[in-house]
Amino acid sequence: MRRHLLPTVCASLFLLGGCVPYAQMQMENNAVVLALETVQSRLEAVPLRQKRISFISLYLTQTILKTKSDNLLVYENAELDSNYEFRQTVARTLDIVFESFQKRAVASVGGIEAYQVVLPKRGVLNVLVQEKGIFNLTLLYGMSNAQLKEMLIPLHTKIASLIEKDVIVLHHPDNAILTKWDVIKVRFYPLVGRVPRPFNGL
């Protein structure tokens, strides 16, 4: 079974009592919201600027947000057209777009995964990531450890011990975006590929 079909499978199994509920991560009403069943956590963050990039099959929206603590977050949504699918695991995709050499998985809740990604010569970046089916991937990064816990603890998830030293907290919009998407990664690595079609020949 393909990993990216898990949310649909889980939704069906959950009705039968056989799978954990599926969480959601989204921007709404000047906040980033994590929702799991009837439980929500909100991190207040006002949009400052937005950038859109197209790589033929992949449409990327990068939104810089400012929190009440005056640090910045980046919310990135990567969406594919219906002829393509993500080819790498979530963990491998993070390695590629952040060009990182090390990361730690620190929590997982309802399909949302939390990582501490080590960026060369920069420090440790807190990242939340959610793959929504085969066509959509959402990232949120730049949180302090306290903000990461603030978002995850209300959802009753276990959090591994966090690296405390050299955690990256963003303050300058001009260099807040830390992912490095490009045509080589998207098309020729590849991060995405065409959805296999049934063969109808004899």
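Residue R122 qualifies as open at atom CZ: its count of foreign heavy atoms under 6.0 Å is 12 or below.
With a 4.5 Å cut-off on side-chain heavy atoms, R87 and V192 do not count as touching. By the 4.5 Å heavy-atom criterion applied to side chains, V106 and N126 are not counted as neighbours. Contact annotation: the side chain of L162 approaches that of K149 to within less than 4.5 Å [non-hydrogen atoms, C-beta and beyond]. V74 places none of its side-chain heavy atoms less than 4.5 Å from the side chain of L178. Between L94 and L139 the shortest side-chain heavy-atom distance falls below 4.5 Å.
To the nearest 0.5 Å, atom CD of residue E37 and atom CG of residue L155 are 10.5 Å apart. Here the CD atom belonging to E85 is positioned 12.5 Å from the CG atom belonging to L191, to the nearest 0.5 angstrom. Here L58 contributes atom CG and E79 contributes atom CD; the two are 9.0 Å apart, rounded to the nearest 0.5 Å. Atom CG of L80 is separated from atom CZ of F86 by 4.0 Å, given to the nearest 0.5 angstrom. With values rounded to the nearest 0.5 angstrom, T67 atom OG1 is found 9.0 Å from L65 atom CG. In this structure, the separation between CD on Q26 and NZ on K132 is 6.5 Å, given to the nearest 0.5 Å.
When atom types are taken as modelled, the side chain of T179 and the backbone of W181 share no donor-acceptor pair closer than 3.5 angstrom. The main-chain N or O of I177 is never found under 3.5 Å from a side-chain atom of Q62 such that the two would form a donor-acceptor pair. Using a distance-only test at 3.5 Å, with no hydrogens or angles considered, no donor-acceptor pair links the side chain of K103 to the main chain of L125. Between the side chain of N77 and the main chain of N136, no donor-acceptor pair closer than 3.5 Å is present. For the pair Y141 (side chain) and V117 (backbone), a donor-acceptor distance under 3.5 Å is absent. Not one N or O on the side chain of Q116 forms a donor-acceptor pair closer than 3.5 Å with the backbone of V167.
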Requested in this report: Test side-chain hydrogen bond (donor to acceptor under 3.5 Å, both in side chains) on D81 and S57 and set out the steps.
Outcome: CA-CA 6 Å; D81 70 34; S57 58; 5.7 Å; no
Requested in this report: I would like to know whether Q102 and V124 meet side-chain contact (heavy atoms from CB on, under 4.5 Å); could you show each step before the answer?
Outcome: CA-CA 10 Å; Q102 187 179 356; V124 178; over 6 Å; no
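Here the shortest heavy-atom pairing between D70 and H171 reads O-ND1, 3.6 Å. The two atoms that bring P173 and I64 nearest to each other are O-CD1, 3.4 Å, heavy atoms only. Nearest heavy-atom pair across N71 and G142 is ND2-O, 3.5 Å. P120 approaches F101 most closely through the heavy-atom pair CG-CD2, 3.6 Å. Counting all heavy atoms, side chain and backbone alike, S108 lies closest to T157 at O-OG1, 3.3 Å. Nearest heavy atom pair, residue E150 against residue S41, reads O-CB, 4.1 Å.
Salt bridge status for E99 with K185: present, with a side-chain N to carboxylate O gap under 4.0 Å.
By the rule that hydrophobic residues join a cluster once side-chain heavy atoms approach within less than 4.5 Å of another member, V118 and M143 end up as members of separate clusters. Taking hydrophobic clusters as Ile, Leu, Val, Met, Phe, Trp and Tyr residues chained together by side-chain heavy-atom distances below 4.5 Å, I53 shares a cluster with V97. Taken together through direct or relayed side-chain contacts under 4.5 Å among Ile, Leu, Val, Met, Phe, Trp and Tyr, V186 and V129 form part of one hydrophobic cluster. The hydrophobic clustering, which links ILVMFWY residues whose side-chain heavy atoms are closer than 4.5 Å, places L140 and L148 together. Side-chain heavy atoms closer than 4.5 Å link hydrophobic residues (I, L, V, M, F, W, Y) into clusters, and following such links, possibly through other members, connects Y84 to I184.
Under the side-chain contact (heavy atoms from CB on, under 4.5 Å) criterion, R92 pairs with Q88, T89, D95, I96, Y189, not counting sequence neighbours. F55 meets the ring-ring contact (aromatic ring centres under 6.0 Å, His included) test with no other residue; sequence neighbours excluded. A105 is linked by a side-chain contact (heavy atoms from CB on, under 4.5 Å) to Y115, counting only residues two or more places apart in sequence or in another chain.
Side chains of R42 and Q40: a donor-acceptor N/O pair is absent below 3.5 angstrom, by distance only. Side-chain polar atoms of T63 and Q50 form a donor-acceptor pair below 3.5 angstrom.
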